[in-house]
Protein chains: 2
Amino acid sequence: MSIPSSATIEDVARIAEVSIATVSRAIHMPEKVANSTRLKVHQAIAVTGYTTNAMARSLRLGRSNMILVVAPDIGDPNFSNILVGLENEARAHGYGILIGHTQNDAQRGLEYLKFLNSNQAAGLILFTGILPFGHQAMTARLPPSVGVFEPIYNGGIPYVGVHDMAGARKIADMLIAEGHQRTAFIGDSRTRLAYSRRRAGFDEGMKAAGLAVLPSLILDGDGTLESGRLAVEQLFMRDTLPTAFMCVNDQTAIGVMIGLTARGYDIPRDFSVTGFDDIPQAAFMSPALTTIRQPRTSIGKHAMALLLDLLEGRQPNEPEILLSPDLIVRNSVSGPARHL
Amino acid sequence: MSIPSSATIEDVARIAEVSIATVSRAIHMPEKVANSTRLKVHQAIAVTGYTTNAMARSLRLGRSNMILVVAPDIGDPNFSNILVGLENEARAHGYGILIGHTQNDAQRGLEYLKFLNSNQAAGLILFTGILPFGHQAMTARLPPSVGVFEPIYNGGIPYVGVHDMAGARKIADMLIAEGHQRTAFIGDSRTRLAYSRRRAGFDEGMKAAGLAVLPSLILDGDGTLESGRLAVEQLFMRDTLPTAFMCVNDQTAIGVMIGLTARGYDIPRDFSVTGFDDIPQAAFMSPALTTIRQPRTSIGKHAMALLLDLLEGRQPNEPEILLSPDLIVRNSVSGPARHL
DNA sequence: CTGAAAGCGCTTACAG
DNA sequence: CTGAAAGCGCTTACAG
């Protein structure tokens, strides 16, 4: 069961009785080869089971057919479906996907930079809003890159994601239509453009309805379940209580639901809660979480298509591609309770 | 912002005033180079920011530093954390991870085989129990490979996963200790060794307690939520009802819970339900699901370590590495109801 | 339409 | 301890 060393272009050439140059052309520029010759070559390929050695080809061409995808955390529930979209599109164009995760460790980021510098990856997809390579000076050495899921705030890199502001606006409008006048916004204080855009959508919705955004109802966490729970505790120590919690993402919303439930409240009877992202858990909460769906597979597909364009020298018309968000209505929202 | 073409070994050699052979040695066999020379080389490397061109190195060496990881579905909730373990271990040893998903499509599998044949990947990790490459004849061309999460049933490939039988036995024993004498087992009829091992653990537990395994309480699905729901419907059309549902995995258990809830039953008061895997949703169910935790990150780490051994010519002592499963007790189990 | 040849950037016997 | 040279498997201008 030893691995038979695979056939090379020489083997094919010998069998087809042509030069290796002709074999190469028959594969990559078939129109420049006589029909009869092409036939012979393809037969020889079939006989040998030949596959182009990608290392040799990349070396010669000066670029690889690999795309590096870097995420802070591979386990992020939002990540896997984006990856599906990325992978499908890449594979369809003969590219492979290399993945790495930084766990927000700059050192790690640097290690992946090496993959780039060593020519192993022709392009870069960045998941979640930050160039993980320390000094921005590095930017000069970056290959064609695109950000997904969140805009890259520290680099001029094109971005594909959901229309955050429009999504937040949809949530805000729905809450207002349900009768909520005092909605708390549980945000994310990390420097992430996506989150400030969601906040902007909230503000816009309130303003459009002539409602005041009360500073005491605006809290900042860090996008985690724990910070959602904490926000509930903080709010209960203040004098103004909201009738609804609009959360910057699903994780936070789940934390809020847990915090509220622990205090003995019923959702949505006592408080309404909304999320953003529609992570898999959202549907399984009790009550199921009303949220905004990220078109994840589609984001991945568009991002890879954009990157492939970049790799072929086409510049994008727009610096951002914003996909339309869908409101997913489930059971965590109702009209406001007549309070306390 | 054009990308400065990165430094080559020639640049380093010129600056250090040595031959390229010496540069290569200074990097990869430092003990064979004089101290003073090594110093000069490392300074030159620092100056130029040189990184070895991985394509050239792989071509010369005849093997790459990439590991191909193939899964049926990248979005599988079990997959991402295994990937984390795989990636950490690989990166620590200078390997990168290439990923692909087949969606159970043999054609897709073939495309990934090309990555292997074109020398882009030195090794293969297979997630979920099946050689996705059609004809088993292909096996001859496979590089060092290891299966994770489920044993590979159609190829003699080493495997790293949880001890399925021991895990199932833990669940069975606990259910019996709670007083359940009539437990339904909702299995998976697909040809997957992991699932039949879980069934074996169930049988063993029942036997050890002197309890009969009633054929009418053994149902087979396909591991999906939907099949869990279906199993409930089927059971209610029979005369013997169980007091507990032991499910082959969490997805099935969630389906069972949904089916039972839809019929107006309370879990665990009316029926107890258990899963296997501890997928992220399990903790968020209501009631939270009692299940067996897969040590996912650890599985990934061990599998990659094993593969790396294989790549260096070391053969494993055992064909399987079975990790110890933990019982995660939550709220979906109680004593049996006095029934109907 | 086809072939001979150069060269992508490395590593490693071989010779000294 | 160090260098000159061969060669990994390709692609592509160049010449015919």
Side-chain angles (χ1 to χ4, degrees), chain A residues 3-42 44-45 48-65 94 114-122, chain B residues 3-42 44-45 48-65 94 114-122:
Chain A
I3 305 170
S5 68
S6 42
T8 71
I9 199 170
E10 298 249 29
D11 300 323
V12 176
R14 193 175 332 107
I15 293 178
E17 299 180 303
V18 296
S19 72
I20 61 169
T22 298
V23 173
S24 181
R25 283 193 206 98
I27 297 171
H28 301 290
M29 323 153 81
E31 72 285 357
K32 310 199 95 177
V33 168
N35 278 329
S36 58
T37 310
R38 201 185 323 131
L39 200 67
K40 280 195 297 180
V41 171
H42 282 301
I45 289 176
T48 55
Y50 170 73
T51 318
T52 303
N53 181 312
M55 311 267 100
R57 176 159 221 259
S58 297
L59 176 59
R60 179 59 233 242
L61 258 31
R63 65 185 155 73
S64 86
N65 63 334
K114 277 189 193 153
F115 275 124
L116 264 15
N117 286 341
S118 65
N119 291 327
Q120 292 212 66
Chain B
I3 304 170
S5 66
S6 42
T8 71
I9 199 170
E10 297 249 29
D11 300 323
V12 176
R14 196 176 329 109
I15 293 179
E17 299 180 304
V18 296
S19 72
I20 60 169
T22 298
V23 174
S24 180
R25 283 194 207 97
I27 296 171
H28 302 291
M29 323 153 82
E31 72 287 356
K32 310 201 95 179
V33 168
N35 278 328
S36 59
T37 311
R38 204 187 318 131
L39 200 67
K40 280 194 299 179
V41 170
H42 282 301
I45 288 176
T48 54
Y50 170 73
T51 316
T52 302
N53 181 312
M55 312 267 98
R57 176 159 220 259
S58 297
L59 175 59
R60 180 58 234 241
L61 258 32
R63 66 184 154 75
S64 86
N65 64 335
K114 277 189 194 153
F115 275 123
L116 265 15
N117 286 339
S118 66
N119 291 327
Q120 293 212 64

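By convention in this document, chain letters (A, B, ...) are assigned in the order of the sequence lines, proteins followed by strands, and residues within each chain are numbered from 1. In this text the structure is predicted, and so the values were computed from the model without any measurement.
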Side chain of B:T8 - closest among C:dC10, D:dG9, D:dT2: C:dC10

Value in whole Å for how far the C1' atom of C:dA5 lies from CD1 of A:I9: 14 Å

Residue-phosphate contact under 4.0 Å: A:T52 side-chain N/O, D:dC10 OP1/OP2: no

Nearest-angstrom distance from the residue atom CG of A:D11 to P of D:dC10: 9 Å

Nucleotide nearest A:N53 (side chain, heavy atoms from C-beta), chosen from D:dC10, D:dG3, C:dC10: D:dC10

A:L59, nearest nucleotide to its side chain (from D:dG9, D:dA6, D:dT2): D:dG9

Sub-4.5 Å side-chain heavy-atom contact between A:Y50 and A:I27: yes

Counterpart base for C:dA15, defined by Watson-Crick or G-U wobble contacts under 3.5 Å: D:dT2

B:L61 vs B:S36, nearer the 5' end of DNA chain D by closest nucleotide: B:S36

Atom-pair distance (CE on B:M29; C1' on C:dT12), nearest Å: 7 Å

Candidate list A:I45, A:T22, A:V23, test side chain to side chain contact (heavy atoms under 4.5 Å, CB included), partner A:I9, passing option: A:V23

Test applied, side chain to side chain contact (heavy atoms under 4.5 Å, CB included); reference residue, B:R25; option that passes from B:T37, B:V41, B:V18, B:V33: B:V33

Residue-phosphate contact under 4.0 Å: A:S58 side-chain N/O, D:dC10 OP1/OP2: no

Sugar-phosphate, base or nothing in reach of A:T51, heavy atoms under 4.0 Å: sugar-phosphate

B:A34, nearest nucleotide to its side chain (from D:dG9, D:dC8, D:dT2): D:dT2

P atoms of C:dC10 and C:dC14, separation to the nearest Å: 24 Å

Spacing between A:K32 atom NZ and C:dT2 atom P, to the nearest angstrom: 12 Å

hbond_proxy B:R25 side chain to D:dG3 base (donor-acceptor, 3.5 Å cutoff): yes

Atom pair distance, as rounded to whole Å: CD in A:E17 and P in C:dT2: 13 Å

B:R63 CZ to C:dT11 P, straight-line distance once rounded to whole Å: 11 Å

Rounded distance [0.5 Å steps], CZ in B:R14 versus OG in B:S19: 13.5 Å

Nearest to side-chain heavy atoms of B:A56, which nucleotide of D:dT2, C:dG9, C:dT11: C:dG9

Selection from C:dG3, C:dG7, D:dG3 that lies nearest to any side-chain heavy atom of A:S19: C:dG3

C:dA6 versus C:dT2 - spacing of their P atoms, nearest Å: 23 Å

Interatomic distance, A:E10 CD vs D:dT11 P [rounded to whole Å]: 13 Å

Separation of D:dT2 P from B:E31 CD (nearest whole Å): 13 Å

Residue B:Y50, side-chain atoms from C-beta onward, closest of D:dC10, C:dT11, C:dC10: C:dC10

Options D:dG9, D:dG3, C:dG3, nucleotide nearest the side-chain atoms of B:A21: D:dG3

Nearest-nucleotide 5' precedence on DNA chain C, A:I20 against A:T37: A:T37

Value rounded to 0.5 Å, distance of NZ in B:K40 from NE2 in B:H42: 13.0 Å

Test item: A:N65 and B:Q120 side chains (from C-beta on) under 4.5 Å apart, heavy atoms: yes

